[in-house]
Visitor: 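Questions regarding the structure given below will be posed in turn.
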Amino acid sequence: MLAYVYKSLRKTDTYVYLSERDGFTRLPEPLRSQLGALRFVLEVELAPGRTLAREDPDVVRANLAGRGFHIQFPPTVDDPMTADWGTDA
């Protein structure tokens, strides 16, 4: 399965995987307006055994087959003040 990956120019580190190149009509209108303009960045084959840096390829394939798109949101950033720094303070 081929996936076409686009970067949101409005939302930092947010990517859209589409099942067809420039198939933006698959995205619901509220989502399209939130993402703003999209820039093509990558065409990738999602064959079994393929790994992706930040997404589960099985989930991406399932979303592409069922919806025609998959959204990759930015990783969450943990609050550094909640970490155990090894002090008793």
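What you see is a predicted model; the values in this text were computed from it and never measured. The basis for the numbers below is simple: all heavy atoms, side chains too, and nothing from hydrogens, waters or symmetry mates.
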Visitor: Does anything in residues 20-58 form a ring-ring contact (aromatic ring centres under 6.0 Å, His included)? List the pairs, not counting sequence neighbours.
Guide: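 Non-adjacent pairs meeting ring-ring contact (aromatic ring centres under 6.0 Å, His included): Tyr6-Phe24, Tyr6-Phe40.
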Visitor: Could you tell me if the side chain of Pro28 sits less than 4.5 Å from the side chain of Phe69, heavy atoms only?
Guide: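 Yes; the side chains approach each other to less than 4.5 Å.
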Visitor: Between atom CD of Glu43 and atom CG of Leu2, what is the distance when rounded to the nearest 0.5 Å?
Guide: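 With rounding to 0.5 Å, CD (Glu43) is 5.0 Å from CG (Leu2).
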Visitor: Quick one: do Met1 and Tyr4 end up in the same hydrophobic cluster if we chain Ile, Leu, Val, Met, Phe, Trp and Tyr together by side-chain heavy atoms under 4.5 Å apart?
Guide: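 No; tracing contacts between hydrophobic side chains, which count when under 4.5 Å, never links both residues.
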Visitor: Under the side chain to side chain contact (heavy atoms under 4.5 Å, CB included) rule, what do Ser8 and Leu38 come out as? Steps first, then yes or no, please.
Guide: CA-CA 5 Å; Ser8 169; Leu38 298 172; 4.0 Å; yes
Visitor: Indicate every side-chain donor-acceptor pair of residues 47-54 with a distance under 3.5 Å to a residue at least two apart or in another chain.
Guide:
none

Visitor: What distance do Lys11 atom NZ and Leu31 atom CG have between them, rounded to the nearest 0.5 Å?
Guide: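 Rounded to the nearest 0.5 Å, the NZ-CG separation comes out at 10.0 Å.
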Visitor: Minimum heavy-atom separation for Leu35 and Arg10, please, with both atom names.
Guide: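 Smallest interatomic distance, heavy atoms only, reads O-CB, 3.3 Å.
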Visitor: Hey, does Val5 have a side-chain heavy atom less than 4.5 Å from the side chain of Leu18?
Guide: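 The answer is no, as the side chains (C-beta and beyond) never meet within the 4.5 Å cut-off.
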Visitor: Between atom CG of Leu27 and atom CZ of Arg67, what is the distance when rounded to the nearest 0.5 Å?
Guide: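 Answer for the CG-CZ pair, Leu27 versus Arg67, is 11.5 Å.
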Visitor: May I have all residue pairs that pass side chain to side chain donor-acceptor pair (under 3.5 Å) and include part of residues 26-42, sequence neighbours excluded?
Guide: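 Counting only pairs at least two positions apart or across chains, the side chain to side chain donor-acceptor pair (under 3.5 Å) contacts touching residues 26-42 are Ser19-Arg26, Glu20-Arg26, Glu29-Arg32.
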Visitor: What's the shortest heavy-atom distance between His70 and Asn63, and which atoms?
Guide: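 Residues His70 and Asn63, closest heavy atoms: ND1-ND2, 2.7 Å.
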Visitor: Do the non-hydrogen side-chain atoms of Val60 and Leu46 ever get within less than 4.5 Å of each other?
Guide: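 Yes, at least one pair of side-chain atoms sits under 4.5 Å.
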